[in-house]
Amino acid sequence: MTVTTLPMAKAINESLRRALAADAKVVVMGEDVGRLGGVFRVTDGLQKDFGDQRVLDTPLAESGIVGTAIGLALRGYRPVVEIQFDGFVFPAYDQIVTQLAKMRARSLGRIKLPVVIRIPYGGGIGAVEHHSESPEALFAHVAGLKVVTPSNAGDAYWMMQQAVTGDDPVIFFEPKRRYWDKGEVDVDAAPAAVHRAVVARHGSDLTLAAYGPMVKVCLDAADVAAGEGTSVEVLDLRSLSPLDFDTVQASVEKTHRLVTVHEAPVFFGSGAEIAARITERSFYHLEAPVLRVGGYHCPYPPSRLEEAYLPDLDRVLDAVDRALAY
Amino acid sequence: MTVTTLPMAKAINESLRRALAADAKVVVMGEDVGRLGGVFRVTDGLQKDFGDQRVLDTPLAESGIVGTAIGLALRGYRPVVEIQFDGFVFPAYDQIVTQLAKMRARSLGRIKLPVVIRIPYGGGIGAVEHHSESPEALFAHVAGLKVVTPSNAGDAYWMMQQAVTGDDPVIFFEPKRRYWDKGEVDVDAAPAAVHRAVVARHGSDLTLAAYGPMVKVCLDAADVAAGEGTSVEVLDLRSLSPLDFDTVQASVEKTHRLVTVHEAPVFFGSGAEIAARITERSFYHLEAPVLRVGGYHCPYPPSRLEEAYLPDLDRVLDAVDRALAY
Amino acid sequence: MTTATVQFLTHEGELTPHPDHEVELSPDSLRKLYHDMALSRRLDAEAVTLQRQGELGLWPSSLGQEAAQIGAGHALGAADYVFPSYRDHGIALCRGVDPLEVLRMFRGVSNGGWDPAENNFHLYTLVIGSQVLHATGYAMGLAKDGAPGAVLVCFGDGATSQGDVSEAFNFAAVYHAPVVFFCQNNQWAISEANERQTRVPLHQRADGFGFPGIRVDGNDVLACLAVTRWALERARDGEGPTLIEAFTYRMGAHTTSDDPLRYRDAEEVEYWKRRDPLARVRTLLEHQGWADGAYFDTVAAQCEQRAVDLRTRLRATPDPRPGDLFAHVYAGAHALVEEERAQFAAYQASFADARDGGK
Amino acid sequence: MTTATVQFLTHEGELTPHPDHEVELSPDSLRKLYHDMALSRRLDAEAVTLQRQGELGLWPSSLGQEAAQIGAGHALGAADYVFPSYRDHGIALCRGVDPLEVLRMFRGVSNGGWDPAENNFHLYTLVIGSQVLHATGYAMGLAKDGAPGAVLVCFGDGATSQGDVSEAFNFAAVYHAPVVFFCQNNQWAISEANERQTRVPLHQRADGFGFPGIRVDGNDVLACLAVTRWALERARDGEGPTLIEAFTYRMGAHTTSDDPLRYRDAEEVEYWKRRDPLARVRTLLEHQGWADGAYFDTVAAQCEQRAVDLRTRLRATPDPRPGDLFAHVYAGAHALVEEERAQFAAYQASFADARDGGK
Ligand SMILES: Cc1ncc(C[n+]2csc(CCOP(=O)(O)OP(=O)(O)O)c2C)c(N)n1
Ligand SMILES: Cc1ncc(C[n+]2csc(CCOP(=O)(O)OP(=O)(O)O)c2C)c(N)n1
Ligand SMILES: [Mg+2]
Ligand SMILES: [Mg+2]
């Protein structure tokens, strides 16, 4: 067992380094990923160590980046693409939705496209417009894509290994405000099976289902709730497509109450799918409707308003209280 | 009262004609909308009657079409854009999501962008890939857009009037397999208030909530169910953003059971949002979980498989039975 | 590059030497070109008929574009990889793709069908322009691998307006990728003529990105062959991308769903009929004494046979099974797909039960 | 078009006549140009400082690009409409936009802020290249209206790689729209130098779309003024679009978040310091005897005063109110927004209650 303590950004960096070393077909590409090492330094040093044939600074064109990554994958490569910020993935959306997601089915399984698209996402860093969004629902709805998001360094390391070595396209959402949070990385043993949710904290009165940046907020909320005598279970979903409903169901059938938490707008967000499916699965177990905490139906606000916009401890606890009041 | 019976495609044509005649700032633009009148002939004759300065055949570039439409709107125009088929809207997705939807908020309300984006959508016409999709959830999740879809000629006529004369961007989904279904159009009186759902058929045992192409399927299912002694209420949602939850709630609190029906994949689809919100609003009224009928989590299949893929009378009735079995 | 159109064979079937490009002519090679063009045309006509008979959902005819497609197809080497658009049935033929596979796609049996690896011929792409980026990426990979071969990617005049195509031009230029951009300018994008797409001849687009663009008479199979071969060699030799604009004409409707009478003049079609790509090769073959009536009869009979065979096999094509919906969505496991597959199977079975139960 | 760079004023501050372009020089106009460049630089430096002090979230400095921006800004007429990128603070100044509005945006008070109609100056656009299409559409509208004026749209060297920008070039060419594409090639797109974006000089891109492209010394305010004026006049006269590549240099970091030491050499920066856009105008003013030390002191003092004023006003800028979240999402009613607004207000109120209750 080789455990080190690393910030999430560095854990992803180490994971990419391992992938590049293990397989000559792995290439890293995107805007500023080479010399600069990416605006968040996630690819820091990779071009220096693996050369500019493995780590490519690309022209400023997201459709071009994903489109050529698809071509490289057709030629046997495993491209790991960086989109600089969440709000800049949309020029590539056509290539992702109509090509990357569908080409396997189109070819009756003859083609595989192991392309990983890394997207630093979410708010809370005081950024300007387009730099704080959570567009995961727009990808989870699309069959053919896998959508994952780690909440901590250890998962980030291993989920990246799984994404790069798997044969499906993966949209890999990285919670940018957790990049510098440190966590334990065991480079010998993956912390959980691929696409499984994990119980981040055990509890018995209510379940909080979260992912990415909101897991920490939920754990903090559970702490506070514990102080007030409420035992909250926190699930870290880790994957949105597929979504591990079995783990959620098991938790809910124990606690009988569920609150979903994400930064993305509630309307048509992940919480809706979780609420709908869990209500169908566990109809007679629920003592309260599934409540959803998330962003509002407005564009992500200027940073001086993001505190009001983002789910935080208080909003989570408010929902916990409301669910318990049923 | 001036009622005529028209196919939906022709009703939209008449509505666009009225809009072009009423306001010199209305322009129609898109691929093949001029000389050809569009691949579905929805814009037939408009260029002939209003000239090529009002009805523009554009270069083959959806981002360009929407992007220049935004520019025209900034200059005071009211562009009505045609996207040729559902599956070809994605090159424009960036302009729609990052610009069209957000510019009003960005300008603190100083800018209005009355752009209507018409998208023939849905399957059931035996088409090749990308010509049968239902991407409405990918727009409803995005604040700043309105998303509407008529199910019949009369609504199509009036909803287009409302879309063109309103000051918000509207994604106007046209159920292409209903283009040739005839309906009554009263050009003097709008059939229902803007963004309101309507009860398309009254019933007392269960509510079916549908929109666009699936309303007819649900009405047919209600007919069959009536023959078997079940009284089914059918709601035509008409608008997905905003979504008229009040009408759905009122119906559900009467019938106590709800099934949602759409062609789009169920996972992260409209049904999820409806199920989650109605369950929250009407928790103690529901005698069964909200069931969802829709597409599967796979790319829209080749046409010889679409019958298996698309919700039809039997699948709706199957869900009705399952809901009643609770 | 010169802005003049490269032509070897006039539309009257006369040879015209060209200063920069050449192609060797032999009776065999010319007859093979003619044969492939004739076969492409015949199978295309068969497909149109099959669509009319309800055997296909749709057919985009390649009528009139045989010289461009067969010329380019003959320029390809085995190691080259092709990214077609959706009308490149002639190139598919040259690559050895069974035409049945192409028809199956337009029948709605699959959304692709053939194995791209088998003939280095990618699936058709329906989202205009997307494949041009895939081709560029593939070519970047070829170059990385130091592999032989180059990439040929096909697209239409309308496609040049798409941002993806410009991005591909730029990526190819920046990475000096071994890719040949083969634009069949058939002068129409459905109902829109060239002047709705561009202000300048399309080959000129390449200048702005820093690689050569060249216009070739797209109804002259010899010129198409020579120029494509030249461009592929440039690519293989590490000289980077080339844009070829094969100036041709879409003789038929956009697809079987289209009605060109609504937007273009009969005279224009007549004008281009006189520039038919097959007729001029036939004239040349006759002039050179390399083929006679008997030869042409044989070719026609062979093509007929292939058409009959194609029709028979198409009619015998079974529909996919409903459960195939879930077959190839992911390579790895996906819980939701498995869940839906099981629900679907149970639902299907309930019908069978109901039927068996005599309902 | 010529591929040579248009220059009027060498970096030593000497006038060089140009065969195709000219600009009238007067003491007043040259002093005004100098003044605006100096003010732009001073306010930019103030913004960098304010960011360091935590008053702004981010600042993209325009240091080094003053000649391009003030030159273009002075070429504009009142009826012209500008679509800036996010670094065009100098042009904002020329248009009369209160710099406080620009700073408020980077403070995170709003995502836009100023009223575009007030000065015919659109909001900044952060999604690279998007505004180039908006500008083209706006210009199409101007032409439809038969209105006077033209459109100037700003973007960077990196932006030219985006499909949207190529699509805009093509739409502008096809519709012959009165738009001037003003590309400030500051040679860097964050850490990527020109050779990662393009194989050819960027003004050449226009050739492929069928309109003139011209390169101008972007550190020469006179040349930028003259060429932009010429292009705007062409546009107003119905001669269609022009691409101007103002070849300049980003003297500072990409933004205050960036660290250029990681990717570019100190010598390069030194080299470009010697080509400073302000220094050469100052030299010219001195050589011509149109300004002396006292004048420059006065300008410096004026700029200082503006900077102090800006800082004071920025510090006094209140934060938006939380309820503003819901204020401008739609023009018409939207039930969900109303519902969420009400829930939010109730939630906020519950906190106030809790606080009042002494919790
Ligand atoms: C992104 C996208 N937009 C629109 C369409 C609909 N469409 C199919 S073919 C076509 C015209 C294509 O013209 P061109 O590129 O010249 O090719 P051709 O059909 O003439 O071979 C259009 C607009 C599409 N397939 N993809
Ligand atoms: C679509 C998109 N992708 C990526 C980014 C992130 N980004 C911001 S500025 C920039 C570089 C822009 O370079 P250039 O166009 O040369 O303008 P400059 O910053 O030099 O003025 C990048 C990649 C973005 N804003 N938008
Ligand atoms: Mg064409
Ligand atoms: Mg730059």
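Labels below follow one simple rule: chain letters A, B, ... track the order of the sequence lines, proteins then strands, and each chain is numbered from 1.
Using a 4.5 Å heavy-atom cut-off against chain C, the contacting residues of residues 312-320 of chain B are D312(B), D314(B), R315(B), D318(B). Contacts of residues 250-257 of chain C with chain B at a heavy-atom distance below 4.5 Å are absent; not one residue qualifies.
Heavy-atom distances place the side chain of L336(C), and not its backbone, under 4.5 Å from chain B. In this structure, the portion of R321(C) lying under 4.5 Å from any heavy atom of chain B is its backbone and not its side chain. The contact between Y300(B) and chain C is made entirely by backbone atoms, counting heavy-atom distances below 4.5 Å. Interface residue Y347(C): only side-chain heavy atoms are found under 4.5 Å from chain B. For chain B, the nearby part of H334(C) is the side chain; its heavy atoms alone come within less than 4.5 Å. Both the backbone and the side chain of E62(B) have a heavy atom closer than 4.5 Å to some heavy atom of chain C. In this structure, no portion of A327(C) lies under 4.5 Å from any heavy atom of chain B. Heavy atoms closer than 4.5 Å to chain B are found in the side chain of D258(C), but not in its backbone. For E31(B), the parts lying under 4.5 angstrom from a heavy atom of chain C are both the backbone and the side chain. Only the side chain of F88(B) has a heavy atom closer than 4.5 Å to any heavy atom of chain C. V127(C) touches chain B through backbone and side chain together, each having a heavy atom under 4.5 Å away. Both the backbone and the side chain of P301(B) come within contact range of chain C, each with at least one heavy atom under 4.5 Å from a heavy atom of that chain. At a 4.5 Å heavy-atom cutoff, the contact between Q84(B) and chain C is made by side-chain atoms alone. Neither the backbone nor the side chain of R322(B) comes within contact range of chain C; no heavy atoms are under 4.5 Å apart.
Between C298(B) and L325(C), the shortest heavy-atom distance links the atoms CB-O, 3.5 Å. Between A61(B) and S161(C), the shortest heavy-atom distance links the atoms CB-O, 3.3 Å. Summarising the geometry of G108(C) relative to P302(B), their closest heavy-atom pair is O-CB, 3.1 Å, with the distance given to 0.1 Å. Minimum interatomic distance between D32(B) and S191(C) (heavy atoms only, all atoms of both residues): OD1-OG, 2.7 Å.
Interface remark: of the candidates V109(C), V337(C), L58(C), V109(C) forms the most heavy-atom pairs closer than 4.5 Å to chain B. Counting heavy-atom pairs closer than 4.5 Å to chain C, the top residue among V266(B), I125(B), D44(B) is D44(B). The candidate with the highest count of non-hydrogen atom pairs below 4.5 Å against chain C, out of L56(B), T58(B), V39(B), is T58(B).
The salt bridge (Lys or Arg N to Asp or Glu O under 4.0 Å) pairs that include a residue from residues 184-199 of chain C number zero, where partners must be two or more places apart or lie in different chains.
Atoms CD and CG, on E307(B) and D319(C) in that order, are 9.5 Å from each other to the nearest 0.5 Å. To the nearest 0.5 Å, atoms CG (L126(C)) and CD (E129(B)) are separated by 6.0 Å.
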- Task: Output, in order, the C-alpha distance, side-chain angles, deciding distance and verdict of side chain to side chain contact (heavy atoms under 4.5 Å, CB included) for L60(B) and I190(C).
- Result: CA-CA 10 Å; L60(B) 207 176; I190(C) 310 188; over 6 Å; no
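Looking at R304(B), its side chain never comes within 3.5 Å of a backbone N or O of P320(C) through a donor-acceptor pair.
Ring orientation note: the planes of Y330(C) and H297(B) are close to parallel, at an angle under 30° on the 30°/60° scale.
Residues forming a side chain to side chain donor-acceptor pair (under 3.5 Å) with D57(B) (at least two apart in sequence, or on another chain): none.
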